[in-house]
Colleague: 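What follows is a structure written as structure tokens; I'll ask about it next.
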Amino acid sequence: HSWQGEGCHMGRSAYFIRLHGCPVHCPWCDSAGTWHPDWIPGNVPRETPEKLADAAAGSGAEIVILTGGEPAIHDLNALTATLAAQDNPVHIETCGAYELRGEFDWVTVSPKWWKLPTPEIVRSAHELKIIVEDENSIEKWMDHLDGDFCTDHVWLHPEWTQRNNPGVLNSITSWIRRHGKPFRAGHQLHKFFKADEQDPASRPQIPLGGIR
């Protein structure tokens, strides 16, 4: 139980269900403990949808966020149905490369080069989150997506280890100044607060490439 640190729901009380497994393997992944052989726990608990929904409802959080790893590699129909039955609004954060199996109130797509999103999932997104790894990232993603999205919220986030890189930050500012809507500057605000660490159920995040 923390709060959403990114996107349109930034600052809202949120219960995160982090699913294990990811075939994308971003070299700067900040959640390597969900998939990396050097970091994944030896014993990953398997919880029932009912237990997860009870925990989410009991937390008092406004929203439930399914993330990972890559949550869409799992069939989430039973989990989302159980969450909805307890009036938990369900959000998902996905790379957009896999079919969404479940019912979601909000879909965030953060596309990755190592497993490209499908056009159908991109068009279904309520918001896009572009990770800006270098000064050319935004233009490369816009060339690839070619405007084929249906949202007014396209967030430009500095990749966390590049958050103090003037070239990356200036590329975001310059792009927004030139283009305006639907582009918006974003960040991982919760990390500055170390908000996730306040819940004992939260495992420490394992960032690849370290934290600079």
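Note: hydrogens, waters and symmetry copies are ignored here, and every other heavy atom, side chains too, is used. Please read these numbers as outputs of a predicted model, since none were measured by experiment.
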Colleague: What distance separates R101 CZ from L79 CG, expressed to the nearest 0.5 Å?
Modeller: 12.5 Å
Colleague: What about the rings of F16 and H1, do their centers lie closer together than 6.0 Å?
Modeller: no
Colleague: Do W28 and E133 get their side chains close enough for a donor-acceptor pair, meaning under 3.5 Å?
Modeller: yes
Colleague: Kindly indicate, with the supporting measurements, whether the criterion side chain to side chain contact (heavy atoms under 4.5 Å, CB included) is fulfilled by V90 and L66.
Modeller: CA-CA 7 Å; V90 183; L66 308 184; 4.0 Å; yes
Colleague: Could you check T80, L76, I92 and say which one makes a side-chain contact (heavy atoms from CB on, under 4.5 Å) with L100?
Modeller: I92
Colleague: Could you measure the distance from the NE2 atom of H91 to the CZ atom of R12? Nearest 0.5 Å is fine.
Modeller: 6.0 Å
Colleague: Do other residues, nucleotides or ligands put more than 12 heavy atoms under 6.0 Å from R177 CZ?
Modeller: no
Colleague: Check this for me: W39, atom CH2, are more than 12 non-hydrogen atoms of other residues, nucleotides or ligands nearer than 6.0 Å?
Modeller: no
Colleague: Indicate whether any N or O donor in one side chain lies under 3.5 Å from an N or O acceptor in the other, for E93 and T108.
Modeller: no
Colleague: Assess the residue pair V168 and N170 against the criterion (side chain to side chain contact (heavy atoms under 4.5 Å, CB included)); give the C-alpha distance rounded to whole Å, side-chain angles, the decisive distance to 0.1 Å, and a yes or no.
Modeller: CA-CA 6 Å; V168 166; N170 289 341; over 6 Å; no
Colleague: For D196 and S2, test the side chains for any donor-to-acceptor distance below 3.5 angstrom and give the result as yes or no.
Modeller: yes
Colleague: To the nearest 0.5 angstrom, please state how far the OG1 atom of T94 sits from the CD atom of E70.
Modeller: 3.5 Å
Colleague: When rounded to the nearest 0.5 angstrom, what is the spacing between NZ in K112 and NE2 in H25?
Modeller: 13.0 Å
Colleague: For I131 and S110, work out which heavy atoms get closest and say how close.
Modeller: CG1-OG, 3.6 Å
Colleague: Within this structure, what is the OG1-CZ distance for the pair T67 and R18, rounded to the nearest 0.5 Å?
Modeller: 5.0 Å
Colleague: Regarding R163 and H187, is there a side-chain donor-to-acceptor distance under 3.5 Å anywhere?
Modeller: no
Colleague: When you check the gap from the basic side-chain N to the acidic O, do D30 and K191 get nearer than 4.0 Å?
Modeller: yes
Colleague: What do you reckon, is CD of E103 surrounded by more than 12 foreign heavy atoms closer than 6.0 Å?
Modeller: no
Colleague: What's the separation between atom NZ in K140 and atom CH2 in W113, rounded to the nearest 0.5 Å?
Modeller: 6.5 Å
Colleague: Side chains of E159 and T161: is there a donor and an acceptor less than 3.5 Å apart?
Modeller: yes
Colleague: Considering residues, nucleotides and ligands other than Q86, do more than 12 of their heavy atoms fall under 6.0 Å from its CD?
Modeller: yes
Colleague: Show the numbers, then the answer: is there a ring-ring contact (aromatic ring centres under 6.0 Å, His included) between H9 and W106?
Modeller: CA-CA 10 Å; H9 294 275; W106 189 267; 4.5 Å; yes
